[in-house]
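Below you'll find the structure, written out as structure tokens, and then a few comments.
Chain A is the first sequence line, chain B the second, and so forth, proteins listed ahead of strands; every chain is numbered from 1. When reading the values below, keep in mind they use all heavy atoms of this one structure, side chains included, and skip hydrogens, waters and symmetry mates.
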Number of protein chains: 2
Amino acid sequence: MIKKYIEKSNFEETGFSYTLSLISGKHKMVILYCLMEFQIVRFNELKRYIKKVSDKTLSNNLKELEKDGLIIRTEYNQIPPKVEYSLSEKGKSLMEILDLLCIWGENNRN
Amino acid sequence: MIKKYIEKSNFEETGFSYTLSLISGKHKMVILYCLMEFQIVRFNELKRYIKKVSDKTLSNNLKELEKDGLIIRTEYNQIPPKVEYSLSEKGKSLMEILDLLCIWGENNRN
DNA sequence: CAGAATCCCTTACGATACTG
DNA sequence: CAGTATCGTAAGGGATTCTG
């Protein structure tokens with residue numbers, strides 16, 4: 001079962017490479033965890049939550065997460081603007097596995 | 001359980017951040033998968049396997065994987081040099097979870 | 001064979017200023 | 001409030017050459 005990924009011998013085409021591409025990006029994981037905890041979060045709430053992140057980088061990370069179908073962006077047409085972010089079903093299913101990596105990390109550092 | 005990582009509100013200290021730091025690096029995953037399949041592999045075998053990778057990058061990736069305790073480097077004192085790489089127990093336990101991400105990726109792209 | 005050393009380049013990210 | 005636009009920096013990685 002591992003073997004099938006290896007035999008392709010082209011890592012770019014493996015499922016793992018795809019998964020990694022979704023979560024690479026400095027703040028994507030923090031964003032996902034934040035959405036998992038609070039369900040619905042706004043742009044500036046995320047910004048305060050992550051502490052050190054530029055508008056540009058946060059915006060880019062959110063766009064990619066949305067494009068990849070992990071989060072949902074809901075825009076309310078009003079002044080001042082209001083945008084809410086939340087996890088999609090796909091995002092939730094990914095988080096279940098990522099939580100295992102959290103636990104593994106807790107148990108294996110040191 | 002998720003919550004405890006969030007409440008710290010310092011992602012750098014979470015188990016997930018630690019796990020990610022181990023597998024970031026362009027070729028680390030391919031290396032780990034290769035070691036999982038073939039058990040014992042030499043430097044130039046890895047290089048041929050990955051196809052497009054420079055000596056420097058491969059060397060760096062291997063050093064970090066060794067420093068982080070995921071792989072074992074065995075050096076034979078001889079001319080010409082001979083070095084063998086293999087997975088540690090820690091590396092094997094990580095691969096079990098990473099395989100879930102492979103499967104998730106296979107099922108969720110498109 | 002298994003790297004180390006050097007040079008170059010791309011990309012991600014941050015800081016700042018500005019806008020509908 | 002939720003971004004966009006612009007500029008600048010630093011790290012990662014590639015190609016090439018050299019060595020015990």
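Atom OH of A:Tyr76 is separated from atom P of C:dG20 by 25 Å (rounded to the nearest Å). For the pair A:Glu75 CD and D:dC1 C1', the interatomic distance rounds to 11 Å; values are reported in whole Å. For the pair A:Leu20 CG and D:dG12 P, the interatomic distance rounds to 17 Å; values are reported in whole Å. Atom NE2 of B:His27 is separated from atom P of D:dG12 by 13 Å (rounded to the nearest Å). Computed from coordinates, the B:Gln78 CD to C:dA2 C1' distance equals 11 Å when rounded to whole Å. Following rounding to the nearest Å, A:Asn77 (CG) and D:dA2 (P) show an atom-to-atom distance of 13 Å. Distance, A:Ile50 CD1 to D:dA2 P: 14 Å, rounded to whole Å. Between the C1' atom of D:dG13 and the CG atom of B:Asp55 lies a distance of 13 Å, rounded to the nearest Å.
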- Task: Give the intermediate values and the outcome of salt bridge (Lys or Arg N to Asp or Glu O under 4.0 Å) for residues A:Lys82 and A:Glu84.
- Result: CA-CA 7 Å; A:Lys82 178 179 177 182; A:Glu84 292 179 340; 3.8 Å; yes
- Apply side-chain contact (heavy atoms from CB on, under 4.5 Å) to B:Val53 and B:Leu46, showing your working. CA-CA 9 Å; B:Val53 64; B:Leu46 276 169; over 6 Å; no
- Message: Run the side-chain contact (heavy atoms from CB on, under 4.5 Å) test on B:Leu94 and B:Thr19 for me, step by step, so that the C-alpha distance in whole Å, both residues' side-chain angles and the decisive distance to 0.1 Å come before the verdict.
- Response: CA-CA 9 Å; B:Leu94 179 58; B:Thr19 306; 4.0 Å; yes
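Note on B:Lys47: nothing from the nucleic acid sits closer than 4.0 angstrom, heavy atoms only. Counting non-hydrogen atoms under 4.0 angstrom, B:Ser54 reaches a base of the nucleic acid.
Taking 3.5 Å as the limit, the base of D:dG14 and the side chain of B:Lys52 contain no donor-acceptor pair of atoms between them.
Look at B:Lys67 and B:Glu64 and you find no salt bridge, because none of the NZ, NE, NH1 or NH2 atoms lies under 4.0 Å from a carboxylate O.
The shortest distance between the side-chain N/O atoms of B:Arg42 and the OP1/OP2 oxygens of C:dC1 is not below 4.0 Å. A close approach under 4.0 Å does occur between a side-chain nitrogen or oxygen of A:Lys63 and OP1 or OP2 of D:dT4. A close approach under 4.0 Å does occur between a side-chain nitrogen or oxygen of B:Lys26 and OP1 or OP2 of D:dG14. Contact between the side-chain N/O atoms of B:Ser59 and the OP1/OP2 oxygens of C:dG3 is not found at any separation under 4.0 Å. The side chain of A:Tyr85 contributes an N or O atom lying less than 4.0 Å from OP1 or OP2 of D:dG3.
For A:Pro81, the side-chain atoms get nearest to C:dG20 when compared with the rest of C:dG14, C:dA2, C:dG20.
Each of A:Lys56 and A:Pro80 has a nearest nucleotide on DNA chain C; the 5'-most of these lies closest to A:Lys56.
The backbone N or O of A:Thr57 sits less than 3.5 Å from a side-chain atom of A:Asn61, completing a donor-acceptor pair.
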